[in-house]
Structure formats: C-alpha cells, structure tokens
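Structure first, then comments.
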Amino acid sequence: MKLAIREIRAGLRSGQFSARELASRALAHAGAENPKTNAYLHLTPERALAAADAVDAQLARGEDPGPLAGVPIAVKDVILTKDIRTTCGSRLLEHYVAPYDATAIMRVEQAGAVIVGKTNCDEFAMGSSNENSAFGPVRNPVDLERVPGGSSGGSAAVVAQGTAVVSLGSDTGGSIRQPASFCGIVGVTPTYGRVSRYGLTAFASSLDHIGPFGGSVHDAAAVLEAIAGRDPMDATSAFAPVPSYTAGLTGDVRGMRIGLPKEYFAGLASETGDLIARGVDTLRRLGCEVHEVSLPHTEYAIPCYYVICTAEASSNLARYDGVRYTSRSANGETLIDMYRNTRGEGFGAECKRRIMLGTYVLSAGYYDAYYIKAQRVRTLIARDFSNAFQQVDAIIAPVSPFPAFKLGEKLDDPMQMYLSDIYTITGSLAGIPCMSVPCGATAAGLPVGMQILCNHFEEAAMFRLAHAFENSGDT
Ligand code: GLN
C-alpha cells in the first residue's frame, strides 16, 4: 500500500475507500509481510479500527478529521502507548503496558492518524543494525539478507515495504537517518526540543528525539507538523512556533547556500561518496551555491558521543530493577540478588556494555577526565556548526559510510558498529535538525541517503531543500 498522505485525503473525500477499509488493508498487509521482515513486534488492530471509525464518523458528519486522517502509522516500540505493550526491544519489558500515551502519540491521533502497530528496534534504541533486539533482528525489505539499519529499523522497514504509510522513530545518534538511508526512504531528526519527549523511553536524555519516517519529504513534513511544538509535560520542549512545513515546499531553492564539510569528504572514495557528489551537482543545477566549510572537531565526535550517551544511559536504565516496570528474576534470596539477577538475565549484551561504560565514566575520579571533558568537546562540536551556519544555509553530508550491510557482518565488533555512526552523531551532539533523503542506489541496488543538516529550528528550509532535490528527477 504505497499511498501518499495526499492520496489518502483525496480517496477518503471522494469515497473511494473508507478509513476502516484502509486500516483493515494495512493490518492484513502487515500481518502477511511480517514473517519476512520481523518489522512489527505487535499489531494494534483494536486501536487502529477504533481510530479509523472515528475518522469515518467525522467525515460522515461533514467535519474535518484532521491533516493525517486515516493515515496508517507505525510506532517504534520505545514510545509509550496506553493499554498497548511497549517493550523497547527488551526482554525486561516484554510484558510492560504503559498507563499513558506519549504526547507524540496523542498528537498524531488528534490529527486523525491510525496506529497500526509497534515496531521492532534495538534494545532501548542502542545499536545501528536492529540486531540488538531481544525479539530477533529486522530484515531490510530491499534485500532480506541485509540489516535495515538501527535502532529504528522496524519503523524504516514498514514504510519501505508499504505496510504503513508513515512511522515514528527515535534518534539519539542517527537511529532515524541511518535506517531511512538503508531502506531508501525519508527520515527526519528534528531540532532537539522541537518534539516533546514525554512518553519516549529515555536512553540518553540530552540527545533523544522523536521524529518521522515517510515515503516522501511531504509525508514526513506533514507528520512533523502534527507532533511538533511546546508541551507542558516536557520542560525541554521548545516554545518556538511551528510553521507549516508542507506549505513551505515550494520547489524553489535558488540562491540557497550549501556547505560541504571538508572533514567529511576527505576519505569518502566509494559508491556512497559518488552518489552524494552527484546529489550535490543536482543541488547546484537547482540554483544552490556550493561552498566548502570546516567542522574541525569532527574527529572527536565518536568518543564524545559514546561517553555522553553511555553516561546518561547508565543512569536512565537504573530504574529497571525488577521492582518497577519490569519482570523480576525468579532466582535469588536477597534484595541485591534480585536486582542482580533481574538485570543480569534481562539486559542484552549491548545494554550491559553501555551501562558498564557509563558507570565507569561517571565514577569518582573519572568524571572530570571523561564526562566533563566530553561535555566540553560537545560544545566545541556545536560551535563548529554555528560557525558553518554563518556562511551557509544547509550542510550536505553522507548519512553512513556504506549502504546496508549483511546480517551478522558487524555483530562481533562493537567498535566497527560505533564507527559507522560518524556522520550522524555530530548533528545529534549539536542538537540541530537533520534528515536523510534518498539519493540513488549502488550498482547492487542498495539505497543511499543524503543527509541535510540545518541550523536550530530551520526545519522548513531543510524540508524545502530535500523536497526540491526529491523532485529534481535525478534520483
Ligand atoms: N547507533 C547509535 C547508538 O548505538 C545511535 C542510536 C540511536 O540513535 N538511538 O548509540
């Protein structure tokens, strides 16, 4: 079901289909495809049909059912849904049912969207391949032998396979952009604070974002428009007004100044590099001015990110102790045994690795040397971007050094997996909006995404550029 949001709107209005028919079709399609990809952890038929019926009733009364009316949407299983399981891809939360909805969930439903299911992901969103899920990996619908990327691999796969029209993911260091690139769709990480984190299970709170996936720039922009904006339930959510991102998709990007960070392109002699270079040529042809910029602290980004995110994760994951939220180990005599066994049996290897690393960098004696140092480096990285945005309106970069890799290929080497995040974590550390837009495929047919990064709250410009690129006829 590769319908766009606009087509759904037209189809509902003309009576070509009802929201209930659309939801039933999406659910059946998802059920049939899932054995191939394992992209959904669970479908949500009751909630979907109730939402669809509400849309149909509004249409029957002649009311406007909202900008996302009847649109089948899937949600990464780290975002809380009332009365529906939210597992975070973890054995520990296999049976956890949240007592409330995340703000983003309430907002998409208010806009008329129909939630069809919860999607598979790396455990607590830690990973780049979706292989860290306790419920098995997701397979990339483009090539079932390959990973869909991670950690929001399920949310990318369902849009790529057409079982949902759009989806929500979360991005801490690239988990929306990288799977979007691997699956050949659009994925957006908004400015930090643009979308409320209320109801998003915390991994690294100063880096966590909720953002949309879509089959087109328009669809992703429409979802962000619905979920963005101040939320009194999240003190870090921004007051900045939300413009209409879809109305800004004019196709005109003449005179826009594009920056190419020299540090990113130095070692990128690959098919990915060639495709990005071709994408830059397209932007030039569309009337953009291209300049070289410098982000001199890029080489420190990976260690900086993995100190900060593990520190925050070790603190955030302390709450899963067998007393609250989680299932409890049956083994152990004492309270301490119960904590140890619950966490020892419940967390997968990657979460344990990060809890240990994070605890270490926060411990007395190391806190200044690692954690405080990393925070300082983070400021320098953010400053690199502010300086670059004095000269240009947008930065173009790769999303990943390579396209989707084979399942199992990098599983035994966490360092290799961490290094693959180089192009996405810099934007995350700076808190700026960034997105992946498809820019062609390798000779083997594997999709490659081009990353667009803009200054804080400049999502409208980012979408305008991505949309003009998408419609250039070159990709
Ligand atoms: N791959 C990165 C990590 O493992 C990013 C994860 C994310 O953005 N949630 O930390």
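First listed ligand is number 1; within each ligand, the first listed atom is number 1.
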Is there a nitrogen or oxygen of Ala125 sitting under 3.5 Å from a nitrogen or oxygen of ligand 1?
-> yes

Could you name the option among Tyr306, Tyr418, Phe124 that has the heavy atom nearest to atom 3 (C) of ligand 1?
-> Tyr306

Arg343 with Asp321: basic N within carboxylate O range, under 4.0 Å = no

Any Arg177 heavy atom less than 4.0 Å to ligand 1 = no

Might you confirm whether atom NZ of Lys406 has over 12 heavy atoms from other residues, nucleotides or ligands at distances under 6.0 Å?
-> no

Under 4.0 Å from any heavy atom of Ser151, which atoms of ligand 1 are there?
-> 9 (N)

Ligand 1 to Ser175 polar contact by distance, N or O atoms, under 3.5 Å | yes

Does the N or O separation between Gly127 and ligand 1 drop below 3.5 Å for any pair?
-> yes

Report yes if some N/O of Gly173 lies less than 3.5 Å from some N/O of ligand 1; otherwise report no.
-> yes

Does the distance from a Lys or Arg side-chain N to an Asp or Glu carboxylate O, for Arg107 and Asp101, drop under 4.0 Å?
-> no

Pair Lys76-Ser155, side-chain donor/acceptor within less than 3.5 Å | no

To which protein heavy atom is atom 4 (O) of ligand 1 closest, and what is the distance rounded to 0.1 Å?
-> Arg354 NH2, 2.7 Å

Residue of the set Leu93, Asn132, Asn316 for which side chain to side chain contact (heavy atoms under 4.5 Å, CB included) holds with Phe124 = Leu93

So with a 6.0 Å cut-off around OH of Tyr300, is the heavy-atom count from everything else above 12?
-> no

Any sub-3.5 Å donor-acceptor pair from Asp384's side-chain atoms to His297's backbone N or O?
-> yes

Could you tell me whether Gly174 and ligand 1 have an N or O pair separated by under 3.5 Å?
-> yes

Numbered in order shown, the ligand 1 atoms found under 4.0 Å of a heavy atom of Tyr305 are 2 (C), 3 (C), 5 (C), 6 (C), 10 (O)

Report, in ascending order of atom number, the atoms of ligand 1 lying under 4.0 Å from any heavy atom of Phe203.
-> 9 (N), 10 (O)

Ligand 1 and Ser128, any nitrogen or oxygen pair closer than 3.5 angstrom?
-> yes

Output yes when Arg47 and Glu109 qualify as a salt bridge under the 4.0 Å nitrogen-oxygen rule, no when they do not.
-> yes

Within the 6.0 Å centroid threshold, strictly below: Tyr418 and Tyr305 | no

Examine the proximity of ligand 1 to Asp421 and report which part, side chain or backbone, both or neither, has a heavy atom under 4.0 Å away.
-> side chain

